[in-house]
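The next block holds one structure in the form of structure tokens; read it before the comments.
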Amino acid sequence: LQINKTASTRLVKVLRDKSGDRSFAGFENPIGDYYADEMLDKYEIQENVTALKTLFLNAKYIITGSNILISDKSSESLYQILNYAKEFNIKLVVDANWRDIFWDHSNTKKDLGRVNQLEIVRNLLNNADILKLSSEEAKLFFKDNDPSKISESLIKKPDVIITDGCNPIRWYINGIKGVEDVVRSAQIIDTTGAGDAFLAGF
């Protein structure tokens with residue numbers, strides 16, 4: 001855990017429609033030029049690398065999303081952590097979690113253009129051992145929502161799980177392809193965090 005005393009924790013403004021589906025409307029203004037999630041410090045990681053490697057002795061997975069890549073500083077730090085993790089055979093779980101609004105407000109990546117932003121995320125997806133995508137993300141990054149084809153297109157041939165709201169989950173795990181119906185709720189109040197909860201359960 002790192003604490004940055006000069007940057008605000010990012011607070012996301014969320015809008016809900018009548019069905020409970022959410023959209024992101026922006027962020028609370030930071031106290032400085034950056035939010036804390038953009039300030040992950042690789043030098044602090046290096047200074048505490050012994051403690052990190054001790055944690056890695058008992059770790060099986062590192063779980064991350066793509067939003068950390070909107071900052072050069074945090075992106076470099078993430079890849080440094082992943083390089084250390086290779087020594088311990090820790091699997092990388094990536095929830096693509098693409099959010100246009102994060103990239104549109106990034107101080108270092110907003111002017112790159114969408115194609116280049118997507119390529120930055122695609123590079124992270126190539127490192128995944130397990131990849132969780134929404135159906136929209138599958139089409140955005142791979143022009144396809146067939147999990148076996150997506151797996152085949154990536155360097156590490158990861159397990160791939162694709163969610164699609166109330167529609168069935170499509171998956172490709174350990175070389176086996178399947179489709180799973182979802183449990184339908186009687187009433188949807190708010191879908192914020194639903195993907196995170198799904199991945200935690202998985």
Side-chain angles (χ1 to χ4, degrees), residues 10-27 37 59-70 74-75 78 82 90-106 114-115 117-202:
R10 189 188 301 265
L11 297 177
V12 185
K13 297 177 182 177
V14 178
L15 300 176
R16 289 181 298 159
D17 63 21
K18 289 180 181 176
S19 68
D21 203 6
R22 59 95 187 94
S23 60
F24 295 117
F27 309 109
D37 56 77
K60 294 181 181 177
Y61 304 98
I62 290 176
I63 303 173
T64 190
S66 65
N67 293 335
I68 196 169
L69 302 176
I70 65 167
S74 286
S75 182
L78 172 64
L82 297 183
I90 297 172
K91 301 225 180 269
L92 176 64
V93 181
V94 178
D95 180 352
N97 208 21
W98 171 263
R99 300 287 177 262
D100 296 41
I101 198 165
F102 279 79
W103 295 82
D104 294 342
H105 287 79
S106 166
R114 193 65 84 212
V115 171
Q117 292 170 347
L118 294 174
E119 191 57 33
I120 290 168
V121 176
R122 178 76 189 243
N123 289 337
L124 177 64
L125 305 187
N126 262 317
N127 286 278
D129 296 288
I130 299 172
L131 175 59
K132 188 264 180 194
L133 301 162
S134 68
S135 183
E136 294 89 354
E137 290 165 343
K139 290 170 187 170
L140 178 67
F141 289 107
F142 301 99
K143 309 291 188 267
D144 200 323
N145 63 358
D146 182 325
S148 61
K149 289 180 182 176
I150 291 171
S151 177
E152 195 59 36
S153 74
L154 293 168
I155 292 170
K156 294 180 80 175
K157 309 293 186 269
D159 293 340
V160 177
I161 302 100
I162 301 175
T163 59
D164 190 11
C166 64
N167 299 312
I169 299 160
R170 306 178 76 200
W171 51 268
Y172 181 72
I173 299 172
N174 292 333
I176 300 169
K177 189 173 172 180
V179 177
E180 197 75 32
D181 286 333
V182 299
V183 177
R184 292 181 179 268
S185 298
Q187 183 182 9
I188 305 289
I189 304 297
D190 186 344
T191 60
T192 306
D196 299 326
F198 171 84
L199 185 62
F202 174 80

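Positions are given from 1, in the same order as the sequence printed here.
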Would you check if [X] and [Y] make a side-chain contact, meaning some heavy-atom pair closer than 4.5 Å?
X	Y	answer
V94	I63	no
F141	I150	no
Y172	K149	no
R122	L154	yes
I161	L133	no

Mind listing the closest non-hydrogen atom pair of [X] and [Y] along with its distance?
X	Y	answer
I101	F24	CD1-O, 3.8 Å
S75	L69	OG-CD2, 3.4 Å
A128	P158	O-CB, 3.3 Å
L92	N127	CD2-O, 3.5 Å

[Y] backbone acceptor or donor facing [X] side chain under 3.5 Å:
X	Y	value
R10	D37	no
N126	I155	yes
S66	V121	no

Atom pair [atom1]/[atom2] of [X] and [Y] - distance to nearest 0.5 Å:
X	Y	atom1	atom2	answer
T64	D95	OG1	CG	9.0 Å
K156	L131	NZ	CG	12.0 Å
E137	N145	CD	CG	12.0 Å
I130	I173	CD1	CD1	8.0 Å
E180	I169	CD	CD1	7.0 Å
L82	L124	CG	CG	7.0 Å

- Message: Could you check whether atom NZ of K157 has more than 12 heavy atoms from other residues, nucleotides or ligands sitting under 6.0 Å from it?
- Response: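 Counting other residues, nucleotides and ligands, NZ of K157 exceeds 12 neighbours.
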
- Looking at residues at least two apart in the chain, or sitting in another chain, which of them share a salt bridge (charged side-chain N to carboxylate O under 4.0 Å, His left out) with D164? none

- Item | Non-neighbouring partners of D159 that pass salt bridge (charged side-chain N to carboxylate O under 4.0 Å, His left out), sequence neighbours left out |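 So D159 forms no salt bridge (charged side-chain N to carboxylate O under 4.0 Å, His left out) with any residue.
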
- Message: If you apply the rule side-chain contact (heavy atoms from CB on, under 4.5 Å), what do you find for T163 with K132, and how did you get there?
- Response: CA-CA 8 Å; T163 59; K132 188 264 180 194; 3.4 Å; yes

- Residue pairs meeting salt bridge (charged side-chain N to carboxylate O under 4.0 Å, His left out), one or both in residues 165-179, sequence neighbours left out, come to D146-K177

- Hey, is R22 close enough to D17 for a salt bridge, meaning N to O under 4.0 Å?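 Salt bridge flag = no for D17 with R22.
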
- Query: Can a salt bridge be assigned to the pair D129 and K60 using a cut-off of 4.0 Å between side-chain N and carboxylate O?
  - Reply: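 No, D129 and K60 are not salt-bridged.
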
- Task: State which residues pass side chain to side chain contact (heavy atoms under 4.5 Å, CB included) with A25; sequence neighbours excluded, sorted by chain then number.
- Result: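 Testing A25 for side chain to side chain contact (heavy atoms under 4.5 Å, CB included), a comparison that skips the adjacent residues, returns K13, L15.
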
- Test V93 against F202 for side-chain contact (heavy atoms from CB on, under 4.5 Å), laying out the working first. CA-CA 11 Å; V93 181; F202 174 80; over 6 Å; no

- Task: List in chain and number order the residues that pass ring pair (Phe, Tyr, Trp, His ring centres under 6.0 Å) with W103, two or more places apart in sequence or in another chain; answer none if no residue qualifies.
- Result: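 Scan of W103 (ring pair (Phe, Tyr, Trp, His ring centres under 6.0 Å), adjacent residues dropped) gives W98.
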
- Note on the structure: By ring pair (Phe, Tyr, Trp, His ring centres under 6.0 Å), F27 pairs with (sequence neighbours left out) Y35, F102, H105

